[in-house]
Protein chains: 2
Amino acid sequence: MTDKPRRISVVLFDGFELLDVFGPVELFSLAPSRLAIEFIGPQAGPVASSQGVQVSATTGYGTAEAPDIMLIPGGQGTRRLVNDETFLSWLRAWVARASLVTSVCTGSAVLAAAGLLDGYRATSNKAAFNWVRQQSDKVEWIARARWVEDRDRWTSSGIAAGIDMAAALLANLFGNDVAHEVTTRAEIEIHRDPTWDPFATIHGFAE
Amino acid sequence: MTDKPRRISVVLFDGFELLDVFGPVELFSLAPSRLAIEFIGPQAGPVASSQGVQVSATTGYGTAEAPDIMLIPGGQGTRRLVNDETFLSWLRAWVARASLVTSVCTGSAVLAAAGLLDGYRATSNKAAFNWVRQQSDKVEWIARARWVEDRDRWTSSGIAAGIDMAAALLANLFGNDVAHEVTTRAEIEIHRDPTWDPFATIHGFAE
């Protein structure tokens, strides 16, 4: 590998969900020559997860370089962010030139509230799906999906679904062999079918 | 629930593997009335993961209350810890009265080096398995296992295997309904068979 690694910027906020972040980040980190990961928070320093435990952001929102690939997780904090116009304005401006905007779980509610999914197909956590789709009627919400890829927007279903989306993203960016090597190192069995979604059924979404 | 939550103490160290910790912690945190989670580090404050990102320990080794349930992750840092007699002595004393000692990935190498798996069956990461079993010949190392339960010692295979072990632990402690509720909320499909281990085959362990 002589190519420069692609940069992936993970947005942290008070009340982010741990596994939404660290499932994908674990896989991305197992391809270190290909992806460099940075964590953006309200300011550099500790950010409290939904679970309480704090994770250190390396850069604050105000000083973060515009992203190449961006990932926003879900978590209880998204309930506040969808109404936080200051945050949503920053997010819109910050990701304007991103090559790829991705979300896990209710992270897509925040993207939708910012208008960043207008005209796109997208999915989200199934337990929270009715709340999520209230955030925008300009999104084609897909209830039965492990994740949805639509051009430069990739959105996943709840929590662990982000791991499957991350594996698909590695395959898309760097090929199946890289994705397979990473998931083997992580000793994880991946769902490769984006329409696999038993949780849609559990939550009563038949479509 | 009127019972007091069980306490689970997660040991952090420089170079711990992110998903080894946050896979199980995500599941444990989805049963908040049943499990209280604390993070023990060299000192209270930021601890660097194998991936670089820092996570805040709430308590230092020297001041941590003796654990009820304990979990130690793997990661690059375990290569150093197996030779760190100060750490191993502290660990032995600290967990002496724990009701349950658990590990993910190469965390079992550290337990073995401390003598805490003497006379037990145990497993570990398959890519690192030959190194791990050199840490003690008093352990019955099981190559083909997603996780191994042996009395008050539960050890899992690499990285993502900790999530399956955590689900089994929730079922063991609180019943199948609780485990099912948690894994449904996490939108995760769990392996319930502790002998499921395609990664043993990939790494040439036929036993």
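Numbers restart at 1 for each chain; the letters A, B, ... are given by sequence-line order, proteins then strands. None of the values given here were measured: they were computed from a predicted structure.
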Backbone N/O of B/Lys126 and side chain of A/Glu187: donor-acceptor pair under 3.5 Å: yes
For each of [options], tally heavy-atom pairs with chain A at distances under 4.5 Å, and name the one with the top tally.
options                              : result
B/Ala57, B/Ser50, B/Ala160, B/Gly52  : B/Ala160
B/Ala186, B/Ser49, B/Ser29, B/Ala127 : B/Ala186
B/Thr58, B/Asn125, B/Val25           : B/Asn125
B/Leu30, B/Val53, B/Val55            : B/Val53

Between CG on residue A/Leu18 and CG on residue B/Leu27, distance to nearest 0.5 Å: 11.5 Å
Any side-chain heavy-atom pair of B/Phe22 and A/Glu26 under 4.5 Å: no
Chain A contact via B/Ile202 - which portion, at a heavy-atom distance below 4.5 Å: side chain
Structural part of B/Arg146 lying under 4.5 Å from a heavy atom of chain A: side chain
Taking every non-hydrogen atom, the tightest pair across B/Glu189 and A/Phe199: N-CZ, 4.4 Å
Evaluation steps, side chain to side chain contact (heavy atoms under 4.5 Å, CB included), between B/Ile37 and A/Gln51: CA-CA 9 Å; B/Ile37 309 165; A/Gln51 287 75 22; 5.8 Å; no
Atom CZ of A/Arg185 with >12 non-hydrogen neighbours under 6.0 angstrom: no
A/Arg97 atom CZ: more than 12 heavy-atom contacts under 6.0 Å: no
